[in-house]
Amino acid sequence: MLRRRSIFSCMFSSVAIGTAVKAKNFIQGKSVRLTFFTSLISLGLASPTIAGGQSTTGNPESDSFVDAALSDWDFTIGAGAGFGPDYEGSDDYGVGAMPVLEASWRDDTFFISIDRGIGATLLRSEHFSGGVSLNYDWGRDEDDNSALKGLGDVEGGLAGTAFAEIDLGMYGFGLDITQDLSGEDKGLLANFNAEYRHSFLDERLWISAGPSVSWASEDYMQSYFGVDSKQASRSRYNQHDVDAGFKDVGFNVGAMYSFDESWAMTGTLGYARLLGDAADSPFVKSKNQFFSGIAITYSF
C-alpha cells in the first residue's frame with residue numbers, strides 16, 4: 001500500500017506544478033537526471049564485476065550476495081502524458097510526454113526518482129514518516145508562452161525539500177517544504193495536502209481525493225508572479241510588487257488500477273485556484289488552473 005501511495009504522491013506533485021511544463025522540459029532535452037537515473041538502474045541490474053574486473057557469472061556466493069542486495073530494492077519504470085497550462089496563470093494549455101523512473105530501497109528509506117529527486121526517509125513510525133530530498137527546480141522559460149515576453153527566464157537549479165506524512169489508513173496528510181539552493185533567490189514553497197483513500201475490486205483499484213494549499217515566500221512570489229522595474233521596461237506589464245502569502249488552493253483526484261503484481265495504470269485530475277498577489281499578477285491570464293496526467297508503470 002505504501003508504494004502505491006508513493007506513486008500517487010508523485011503524480012499529484014507533477015500535476016500541482018504543471019505537468020505539461022515539466023513534460024516540455026524533458027522534450028527540450030533538459031533530462032540530465034533521467035540519463036543519470038537510467039544509468040544507475042542499469043548498473044544495478046547489470047551483472048556485477050569483482051575487483052579484478054572478472055565477471056561473477058557462475059560464482060554462487062557472489063550471485064547470492066547480489067540477489068540479497070537487490071531484494072531490498074524496488075524499481076518502477078514507465079511512461080505517461082500530462083496536460084496543463086504553459087505556466088502558472090496561463091490560459092493556454094499543452095500536452096507532453098513524461099518518463100516515470102524510480103528506485104526505492106527498503107520502503108523509501110532511500111529513493112532516487114525523476115520526480116522526487118534523491119532523498120531519504122529519516123523518521124518513521126506506525127502513522128508518521130518524514131525525510132529530506134534534493135531535487136531539481138525546472139524554473140520557467142520566457143519562451144514557454146508569448147505572455148512571458150520581456151520577463152526573462154526563471155533559472156532552474158537545485159532545491160532541497162523536507163517532507164512529512166501522517167498516515168491514518170484511509171486518510172493521509174502531507175507537508176512538503178522546498179527551499180531554493182541554486183543561489184537564484186527563488187525562495188521557499190510549502191505545500192500541504194490531505195487525502196481520502198479507498199480501494200475497490202480486492203484492492204486492485206485505489207481511489208484518492210483531497211484538497212491542497214500552498215504558501216510561498218516573497219522571493220518565490222517575486223520570481224514567478226512579480227514584475228520588477230527592469231522587467232516592466234522590457235515587457236508590456238506595469239511593475240507588480242508581491243509579498244509572501246498563500247499562492248493557491250486546489251483539489252486533486254487520483255486513481256490507480258493494478259493489472260497484476262507488476263503492471264499498473266495511474267491517472268490524476270487536478271484543479272488549483274491562484275490566490276492573493278499571485279492571482280493579481282498582470283501576466284496571470286486565468287486564476288483557475290486545471291491539470292491531468294496518466295501513466296503506465298511496471299514495478300519489479
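Fair warning: this is a prediction, and the values are worked out from it, not measured in the lab.
N288 and S286 form no side-chain donor-acceptor contact under 3.5 Å, judged by distance and modelled atom types alone. For the residue pair N193 and E195, no side-chain donor N or O sits within less than 3.5 Å of a side-chain acceptor on the partner. Residues D92 and N145 bring a donor and an acceptor atom of their side chains to less than 3.5 Å of each other. Residues T121 and D108 bring no donor and acceptor atom of their side chains to less than 3.5 Å of each other.
At least one donor-acceptor pair closer than 3.5 Å links the side chain of D228 to the backbone N or O of Q231. A donor-acceptor pair under 3.5 Å is formed between the side chain of Q289 and the backbone N or O of S90. For the pair D153 (side chain) and E142 (backbone), a donor-acceptor distance under 3.5 Å is present. Remark: side-chain polar atoms of S281 are paired, donor with acceptor, to backbone N or O of F225 under 3.5 angstrom. With hydrogens and angles disregarded, no donor-acceptor distance shorter than 3.5 Å links the side chain of H240 to the backbone of P282.
Remark: F110 CZ is packed, more than 12 non-hydrogen atoms of other residues, nucleotides or ligands lying under 6.0 Å away.
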Cut-off 3.5 Å, no hydrogens considered: what does the side-chain donor-acceptor table look like for residues 180-188, sequence neighbours left out?
from	atom 1	to	atom 2	distance (Å)
D180	OD1	S182	N	3.1
D180	OD1	S182	OG	2.6
D180	OD2	S182	OG	3.3
D180	OD2	E184	N	3.4
D180	OD2	D185	N	3.3
D180	OD2	K186	N	3.2
S182	OG	E184	N	3.3
K186	NZ	D137	OD2	3.0
K186	NZ	E155	O	2.5

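The shortest non-hydrogen separation linking L269 to S292 is CD2-CB, 3.6 Å. Contact detail for L189 and S214: the closest heavy-atom pair is CD1-CB, 4.1 Å. Nearest heavy atom pair, residue D243 against residue D277, reads N-OD2, 2.8 Å. Closest of all the heavy-atom pairs between A120 and F163 is O-CZ, 3.7 Å. Smallest separation of non-hydrogen atoms from Q222 and V227: NE2-N, 3.6 Å. What you find for S113 and E102 is that their closest heavy atoms are OG-OE1, 3.4 Å.
Below 30°, between 30° and 60°, or above 60°: for F173 and F192 the angle between ring planes is below 30°, a parallel geometry. Aromatic ring pairs are classed by plane angle as parallel below 30°, tilted from 30° to 60° and perpendicular above 60°; the pair H198 and F200 is perpendicular. Between Y136 and W138, the ring planes lie perpendicular to each other; the angle is over 60°, past the 30° to 60° tilted range.
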Would you check, one step at a time, whether the test side-chain hydrogen bond (donor to acceptor under 3.5 Å, both in side chains) holds for S262 with S299?
-> CA-CA 5 Å; S262 298; S299 300; over 6 Å; no
Going through the distances and angles, do Y224 and V154 end up as a side chain to side chain contact (heavy atoms under 4.5 Å, CB included)?
-> CA-CA 7 Å; Y224 287 95; V154 178; 3.7 Å; yes
Check against side chain to side chain contact (heavy atoms under 4.5 Å, CB included), V132 and L122 = CA-CA 7 Å; V132 295; L122 304 178; 4.0 Å; yes
Can you list the steps and then say if V249 with L275 is a side chain to side chain contact (heavy atoms under 4.5 Å, CB included)?
-> CA-CA 7 Å; V249 62; L275 304 174; 4.2 Å; yes
Salt bridge (charged side-chain N to carboxylate O under 4.0 Å, His left out) assessment of E88 paired with K247 = CA-CA 10 Å; E88 283 191 283; K247 180 176 74 73; 2.6 Å; yes
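A heavy-atom distance below 4.5 Å is found between the side chains of F259 and M265.
In this structure, OG in S212 is found 11.0 Å from OH in Y271, a value given to the nearest 0.5 Å. Atom CZ of R124 sits about 10.5 Å away from atom CG of D167, to the nearest 0.5 Å. For the atom pair OG of S223 and CG of L151, the computed distance is 12.0 Å after rounding to the nearest 0.5 Å. Put simply, CD1 on I114 and CG on N135 are 13.0 Å apart, with the number rounded to the nearest 0.5 Å. Going from atom CD1 of I166 over to atom OG of S129 covers 9.5 Å, rounded to the nearest 0.5 Å. Here S104 contributes atom OG and F111 contributes atom CZ; the two are 8.5 Å apart, rounded to the nearest 0.5 Å.
Applying the ring pair (Phe, Tyr, Trp, His ring centres under 6.0 Å) test between W263 and each of F300, Y257, Y298 identifies Y298 as the sole match. Residue L101 forms a side chain to side chain contact (heavy atoms under 4.5 Å, CB included) with just one option from I77, I112, T297, and that option is I77.
Hydrophobic clustering keeps F251 apart from Y171 (ILVMFWY residues linked when any side-chain heavy atoms are closer than 4.5 Å, directly or through intermediates). There is a path of hydrophobic side-chain contacts, each under 4.5 Å, that joins W105 to F75. By the criterion of side-chain heavy atoms lying less than 4.5 angstrom apart, applied directly or through intervening Ile, Leu, Val, Met, Phe, Trp or Tyr residues, L123 is grouped together with L168 in one hydrophobic cluster. Note on Y196 and V213: same hydrophobic cluster, where clusters join Ile, Leu, Val, Met, Phe, Trp and Tyr whose side-chain heavy atoms are under 4.5 Å apart, directly or indirectly. A continuous path of ILVMFWY side-chain contacts below 4.5 Å connects I296 to L205, so both sit in one hydrophobic cluster.
Annotation: F83 is in aromatic contact with Y93 [ring centroid separation under 6.0 Å].
Residues passing the side chain to side chain contact (heavy atoms under 4.5 Å, CB included) test with K285 are Y87, D91, A147, R236, Y237, sequence neighbours excluded.
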